[in-house]
K.L.:
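One structure follows; several queries about it will come next.
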Amino acid sequence: MKKHLLFGLCLAASAALAAESDITVTASGLDKFEGELIEIGYADPRTDAGFKVLGIAIIQDGEATMKIPLSEPLLIELNLLAGAKADEFRVRGIAEPGGEHEVLWDSATDALTFSGGDYNEMIRAALDEPGEAATESLRVIYLEYEDPIARLLALRAAWQDGEDEEQMKVMEELESLLGENLTVQLLKVFTAKRVEELAAAIRDFTANDLSGEEIRLFDVVARNKFTLVEFWASWCGPCIAEIPHLKAAYERFREQGFEILAFNLDDEREAWRQASEDDYNIEWLNVSDELAFDSPVAKMYRVNAIPASFLVSSDGVTVGRNLRGNDLQLRLDELFREEAAKAAAAEQESAGASGEEAVD
């Protein structure tokens, strides 16, 4: 696929964004689903069901037609609500304002197909390529095509929920070019939801410190009120810049129940040792498996850029993420104040209860 194939789509995309017009979706060959419902919508975590329904129709004589207003090209999902097998019969495609799309039942594969529209055919052609070629074809589109809508739709098809820095930069660029756009909004929602899920999903690990002592995360979390899990490396300038801030927070809150468990991502033990002992005199817990970004721990936490950190309470709840500079102290101050207020309230309630018993 070449960039010039979509040059002519730029004006069409601008027109599609300018005004809402109906898409027409015609389904046929659905005789075996007579009387069942067919729906069109798109994934949206902001809704209770995680899916925004745009239209529903009843299959009659093996066919169904839906006209749905749409203001911009959008990745949609079409579902056959066929009783107990409702989750089995679905297909995705790009719907375009004013476009005519066809849904067919392929009896050979027992699957739905979705066709029609230049953008849909372009993305489908990329996705149909084998293995890594599909990923690379989508990447070429979202990095190199002139049509911003084509780039956005390819980005949506390849999206990694914000785990890919290159994709995040492309999304920010496209947001500045396109302004208010539903697909951009959804990508941001998907990313925020993923970050929230990852932040909440603190998982246990065990690693050795420089002396060879084995340290388990959950043991550290259990014996402290708050624990900062900090991913860093000796070669990482921003990580090193954080060390004075970590030291200040550690000195201020250590006696109150704050601990740091640093996980080093160097691949050479001597580099880790020198930075930890000779260069920066790190006093907190400091472990590594010396596998850098190939570490199972880094992969488990989806760490692909550092510094990265998770602030965790004693019951395993994430109460802060990637707190930099003075933000860590500010958050800890807030948390320990809340802890003190709860303790005072509990003590007052206990004293009140004792007083009432004495009166009785």
Side-chain angles (χ1 to χ4, degrees), residues 162 165 168 191-192 194-205 207 209-210 215-266 272-288 297-298 300-348:
E165 288 188 31
M168 287 293 292
T191 298
R194 181 61 174 163
V195 167
E196 182 180 344
E197 290 172 350
L198 289 175
I202 291 300
R203 300 179 183 179
D204 196 19
F205 64 82
D209 64 13
L210 283 163
I215 297 176
R216 183 188 176 201
L217 171 62
F218 277 12
D219 291 340
V220 178
V221 168
R223 64 174 179 258
N224 291 281
K225 290 183 177 179
F226 301 101
T227 300
L228 183 74
V229 183
E230 175 82 8
F231 291 88
W232 74 292
S234 64
W235 48 261
C236 168
C239 301
I240 302 307
E242 285 300 317
I243 290 179
H245 298 291
L246 295 176
K247 286 190 172 185
Y250 197 56
E251 181 178 354
R252 180 180 173 189
F253 295 105
R254 183 179 186 181
E255 296 301 320
Q256 298 181 50
F258 171 59
E259 185 56 83
I260 300 174
L261 177 57
F263 193 96
N264 179 270
L265 293 178
D266 281 294
W272 170 34
R273 187 208 64 77
Q274 181 173 334
S276 301
E277 298 179 350
D278 300 342
D279 297 338
Y280 306 108
N281 189 30
I282 291 175
E283 299 178 348
W284 46 83
L285 300 174
N286 183 16
V287 299
S288 180
V297 177
M300 181 170 63
Y301 279 80
R302 301 296 181 93
V303 173
N304 51 27
I306 51 177
S309 66
F310 302 81
L311 182 61
V312 189
S313 62
S314 59
D315 54 0
V317 175
T318 300
V319 292
R321 190 168 186 265
N322 292 335
L323 298 167
R324 297 294 163 222
N326 292 327
D327 288 344
L328 175 59
Q329 285 202 58
L330 291 173
R331 181 59 176 144
L332 286 169
D333 186 60
E334 178 184 18
L335 291 167
F336 279 112
R337 285 178 183 272
E338 291 176 358
E339 287 276 314
K342 289 178 183 178
E347 184 177 349
Q348 186 175 5

K.L.:
Yes or no on side chain to side chain contact (heavy atoms under 4.5 Å, CB included) for D278 and R273, after CA distance, side-chain angles and deciding distance?
P.N.:
CA-CA 8 Å; D278 300 342; R273 187 208 64 77; 2.9 Å; yes
K.L.:
Answer yes or no: is there a donor N or O on one side and an acceptor on the other, between the side chain of K247 and the main chain of Y280, under 3.5 Å?
P.N.:
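A pair under 3.5 Å: yes.
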K.L.:
Using a 3.5 Å distance criterion without hydrogens, assess whether the side chain of D266 forms a donor-acceptor pair with backbone atoms of S234.
P.N.:
yes
K.L.:
Would you say CD of Q256 has more than 12 non-hydrogen atoms from neighbouring residues, nucleotides or ligands within 6.0 angstrom?
P.N.:
yes
K.L.:
Decide yes or no on side chain to side chain contact (heavy atoms under 4.5 Å, CB included) for L311 and L335, but give the supporting numbers first.
P.N.:
CA-CA 11 Å; L311 182 61; L335 291 167; 3.7 Å; yes
K.L.:
Could you measure the distance from the CG atom of N304 to the CG atom of L265? Nearest 0.5 Å is fine.
P.N.:
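The CG atom of N304 sits 11.0 Å away from the CG atom of L265.
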K.L.:
Check whether any side-chain heavy atom of W284 sits under 4.5 Å from a side-chain heavy atom of F258, and report yes or no.
P.N.:
no
K.L.:
Any donor and acceptor pair, going by atom type alone, linking the side chain of Y301 with main-chain N or O of S309 inside 3.5 Å?
P.N.:
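It does not hold such a pair.
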K.L.:
Heavy-atom distance under 4.5 Å between the side chains of L246 and E230, does that happen here?
P.N.:
yes
K.L.:
Is D204 reaching over with its side chain to a backbone N or O of F218, donor-acceptor style, under 3.5 angstrom?
P.N.:
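Between the backbone of F218 and the side chain of D204 there is a qualifying donor-acceptor contact (under 3.5 Å).
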K.L.:
Using the rule given for side chain to side chain contact (heavy atoms under 4.5 Å, CB included), can you reason through F253 versus F226, listing the C-alpha separation, both sets of side-chain angles and the distance that settles it, and then say yes or no?
P.N.:
CA-CA 10 Å; F253 295 105; F226 301 101; over 6 Å; no
K.L.:
Looking only at heavy atoms, which two atoms of A305 and E165 are closest? And how far apart?
P.N.:
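For A305 and E165, the tightest heavy-atom pair comes out as CB-OE2, 3.0 Å.
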K.L.:
If you look at every heavy atom in Q329 and A248, which pair is closest and at what distance?
P.N.:
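Smallest heavy-atom distance, with atoms named: NE2-CB, 3.3 Å.
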K.L.:
For the CD atom of E334 and the CD atom of E339, what is their distance to the nearest 0.5 Å?
P.N.:
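The CD atom of E334 sits 12.0 Å away from the CD atom of E339.
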K.L.:
Under a 4.0 Å N-O cut-off, is there an ion pair linking E338 with K225?
P.N.:
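Salt bridge: no.
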K.L.:
Please check if the side chain of R252 supplies one atom and the backbone of L332 the other of a donor-acceptor pair under 3.5 Å.
P.N.:
no
K.L.:
Answer yes when D333 and R337 have at least one side-chain N-carboxylate O distance shorter than 4.0 Å, and no when they do not.
P.N.:
yes
K.L.:
Should L217 and L261 count as side-chain neighbours, where that means a heavy-atom distance under 4.5 Å?
P.N.:
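SC-SC contact between L217 and L261 confirmed.
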K.L.:
Would you check if W272 and S288 make a side-chain contact, meaning some heavy-atom pair closer than 4.5 Å?
P.N.:
yes
K.L.:
Should D209 and I215 count as side-chain neighbours, where that means a heavy-atom distance under 4.5 Å?
P.N.:
yes
K.L.:
Measure across G320 and L323 and return the closest heavy-atom pair with its distance rounded to 0.1 Å.
P.N.:
CA-CD1, 4.1 Å
K.L.:
Aromatic rings F310 and F231: how do their planes relate, parallel, tilted or perpendicular, breaks at 30° and 60°?
P.N.:
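Ring orientation, 0 to 90° scale: perpendicular.
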K.L.:
Find out whether L328 and Y250 are in side-chain contact, i.e. whether some heavy atom of one side chain is under 4.5 Å from a heavy atom of the other.
P.N.:
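The answer is no, as the side chains (C-beta and beyond) never meet within the 4.5 Å cut-off.
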K.L.:
Write down the atom of N286, the atom of S276, and the distance for their closest heavy-atom approach.
P.N.:
ND2-OG, 2.7 Å
K.L.:
For the atom pair CD1 (I240) and CG (D279), what is the distance rounded to the nearest 0.5 Å?
P.N.:
8.0 Å
K.L.:
Do V312 and L228 come within less than 4.5 Å of each other through their side chains, counting heavy atoms only?
P.N.:
no
K.L.:
From I243 CD1 over to I282 CD1, what is the distance, rounded to the nearest 0.5 angstrom?
P.N.:
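Interatomic distance, I243 CD1 to I282 CD1, rounded to 0.5 Å: 4.5 Å.
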K.L.:
Would a 4.5 Å heavy-atom cut-off, applied to side chains only, mark V319 and R331 as touching?
P.N.:
yes
K.L.:
Quick check, are the ring centers of F205 and F263 under 6.0 angstrom apart?
P.N.:
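They qualify: ring centres under 6.0 Å apart.
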K.L.:
Has E259 got a side-chain atom pairing as donor or acceptor with V220's backbone, closer than 3.5 angstrom?
P.N.:
no
K.L.:
At their closest point, which heavy atom of P307 faces which heavy atom of C239, and how far apart are they?
P.N.:
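Shortest heavy-atom separation between P307 and C239 comes out as N-SG, 3.6 Å.
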